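Only one structure is covered here, and it is reproduced in the block below.
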There are 2 protein chains.
Amino acid sequence: MVTISDIAKIAGVAKSTVSRYLNGGSISETTKKKIENVIAATGYSPNKFAQSLKAKRTNIIGTIVPRLDSFATSQTLIGIDDHLRELDCQMVISNSSQDLKREIENIYSLAKQKVAGIILLATEITTEHLEAFRTVQLPVMLVGQQHDQFHSVIHNDYDAAYELGKYILANGHRKIAYLGVTEKDVAVGIKRKEGFRKAVEEVPGSKVRYFETSFKIEHSIQKVPEILEEFNPTIIVCATDNIALGALKAAHMNRLRVPDDLSITGFGGYEITEITHPSITTAKFYYREAGNLAARNMVKLVNEEEINQITFSRYKILERESVDKLK
Amino acid sequence: MVTISDIAKIAGVAKSTVSRYLNGGSISETTKKKIENVIAATGYSPNKFAQSLKAKRTNIIGTIVPRLDSFATSQTLIGIDDHLRELDCQMVISNSSQDLKREIENIYSLAKQKVAGIILLATEITTEHLEAFRTVQLPVMLVGQQHDQFHSVIHNDYDAAYELGKYILANGHRKIAYLGVTEKDVAVGIKRKEGFRKAVEEVPGSKVRYFETSFKIEHSIQKVPEILEEFNPTIIVCATDNIALGALKAAHMNRLRVPDDLSITGFGGYEITEITHPSITTAKFYYREAGNLAARNMVKLVNEEEINQITFSRYKILERESVDKLK
DNA sequence: CTGAAAGCGCTTACAG
DNA sequence: CTGAAAGCGCTTACAG
């Protein structure tokens, strides 16, 4: 392995001069050329460990994800990774497997690895999170959830839900089931529901009932038949695409035609929702873009530049086949 | 930050003694206790950079993936990560975005990061791969593809395809389209086709035609109508679940009932194939287990233990709803 | 079993 | 603009 000493020796300069060259210090044109040539010839690249040990900083950004096997996670990671790669930063992924305790551990563990900052694909911010972030003293960027004490990139859940609500109302639906999730998840459990609620409140005479399930497809498959029996709506507005996928499956299993007998909508814009039969009308979020924004903001944070506390990522209502036009 | 010197001072011993304690050298019971207490009290954890700089080794395993947004990748990563975490090894993920050039770069870039070994979720092994691995001189573990020069964990593509072939034949299908992929991908493009071919060769009087598409769902959606027109089979055996998903979509778009008018099978066992209507009969691979095995073997390789060159991961034929029983 | 010393490959004041 | 020196936090022979 060729080291900075080798380069210095071959180029006939001091190590410190080579280091200055590497880190953009002031250098005469001639020595610059000499060093450049030697580095090119030897294929030298600095030892990251020595750099980090001495300089006490790294260009590693830690990303904590609640789970690895989700469309949203994958896309967001791609967005983060692509941007970081351009800046020669490295991304380290830490998976919590939907375990909040493990998520907290991951914060401390990334701090031990001396990452420059932490991007958290957030679900729920507990007091343990607050404490962990306070003690590690690292720049933090939330994705998907907002919080007073942190910077974040969020999907515009409220507006998306409002617009989706207006869309189904405009299509004549008046007996509506909303199938949501726990309010512990503010973005998915509260914001989407509230945006939707606003839309229905603007249209008198609509009958709406709110139900709750988990994020798991199988739970949605179980829950939907109960809703049908209890309430028999013309449409089920699902808080995520996975829940909508479960609803679609349940409809098929009950020999209901979608959308003729039952309409269904989702949130997310997962690739698969276009492939199902029928394709699912949904509020698409641009996860990859959100990841990009998060990476961009994180780097600014690390460099102590100013950024807005909240950055909104785009959304778009995808009008597809799963909503019946009642008028 | 508390360092090894601090621990040594507080415990009243030399740094080297603390280091020996940390690395399992011989230590008297009394000094061991002293050091233990001080470490517990201070919450000391060794600086990884200093360790790696000095010891010239790390416990980081690099994993190169062809893409982040695939069921197979996610599951395999989870399997690798879970096992590595138990051993206090760290996983670094390097995404190639289905770009072979970037995959090669990732090999060199992981080597620069001084990873202890590289796990490659392989698609195609080119001469550039061979060269890269030769120059970085690191233990290598392939997942999903086999190669003379490397250790690997592979899915039993051949046997799975053979068994799936026998299954559809047993159900009476005799006019069969096989929709495969490029032979550059040995596991998916060749092994699956050959296993299937063996099954049909054992049953005289079956008419089989072989077609080719890409890994992309949309290409499959385009391709399937052509196959239907040209050949009109009773079943399309697809080389991956994504291709099968496209075939299912194409069937729906052409108002064909599955499986009554057309049967479809896949490979992979992606979660979504159970949710579609009808659910898809497929050869399930245990990606997570494969990842586990790969991690286990990788660690052995790093520790210079003996391992088999090829480790087979399990498979299972999932008999579901997409294959018509013709007899 | 234990300690003093050297050194891994860098960066960073400091002096010139 | 350039160089000599100190030191980051560890590990590893070596000597006792």
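In what follows, chains carry the letters A, B, and so on, assigned in the order in which the sequence lines appear, proteins first and then strands, with residues in each chain numbered from 1. Since the structure is predicted, the reported quantities are computational estimates derived from the model, not experimental observations.
Contact annotation for Ser52(A): no contact, since no heavy-atom pair falls under 4.0 Å across all strands. Among the atoms of the strands shown, none is found under 4.0 Å from any heavy atom of Ser5(B).
Residue pairs that meet the ring pair (Phe, Tyr, Trp, His ring centres under 6.0 Å) test with at least one member in residues 73-118 of chain B, sequence neighbours left out, do not exist here. Evaluation of the side-chain hydrogen bond (donor to acceptor under 3.5 Å, both in side chains) test over residues 289-312 of chain A, restricted to residues two or more places apart or in two chains, returns Glu289(A)-Arg314(A), Asn297(A)-Thr311(A). The list of ring pair (Phe, Tyr, Trp, His ring centres under 6.0 Å) pairs with a residue in residues 25-53 of chain A, not counting sequence neighbours, is empty. Applying the side-chain hydrogen bond (donor to acceptor under 3.5 Å, both in side chains) test to residues at least two apart or on different chains, the pairs with a partner in residues 87-104 of chain A are Gln90(A)-Gln113(B), Ser94(A)-Asn106(A), Asn95(A)-Ser97(A), Ser96(A)-Asn106(A), Arg102(A)-Asp82(B), Glu103(A)-His129(A). Listed by first then second residue, pairs satisfying ring pair (Phe, Tyr, Trp, His ring centres under 6.0 Å) with a partner in residues 130-149 of chain B read Phe133(B)-Phe150(B), His147(B)-Phe150(B), not counting sequence neighbours.
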Using distance only, find each side-chain donor-acceptor pair of residues 11-20 of chain B under 3.5 Å and give its atom names and separation, not counting sequence neighbours.
from: Ser19(B); atom 1: OG; to: Asn23(B); atom 2: ND2; distance (Å): 3.3

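Listed in residue order, the members of residues 13-27 of chain A having a heavy atom less than 4.0 Å from DNA chain D are Val13(A), Ala14(A), Ser16(A), Thr17(A), Arg20(A), Ser26(A), Ile27(A).
Place Lys32(B) and Phe49(A) on DNA chain C by their nearest nucleotides, and Lys32(B) ends up nearer the 5' end.
Of all heavy-atom pairs spanning Ala116(A) and Ile61(A), the tightest one is CB-CD1, 4.3 Å.
A search for side-chain hydrogen bond (donor to acceptor under 3.5 Å, both in side chains) contacts involving Glu105(A) returns nothing, not counting sequence neighbours. Annotation: side-chain hydrogen bond (donor to acceptor under 3.5 Å, both in side chains) contacts of Thr58(A) (sequence neighbours excluded): none. With sequence neighbours left out, the ring pair (Phe, Tyr, Trp, His ring centres under 6.0 Å) criterion links Phe71(A) to Tyr270(A).
Chain B approaches DNA chain C over the interval dC1(C) to dG9(C), counting the first and last nucleotide 5' to 3' with an atom under 4.0 Å from its heavy atoms.
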(request) Go ahead and write out DNA chain D as dot-bracket, 5' to 3': ( ) for pairs within the strand, [ ] for ones crossing earlier pairs, | when the partner sits on another strand, dots for unpaired; Watson-Crick or G-U wobble, both distances under 3.5 Å. (result) |||.||||||||.|||
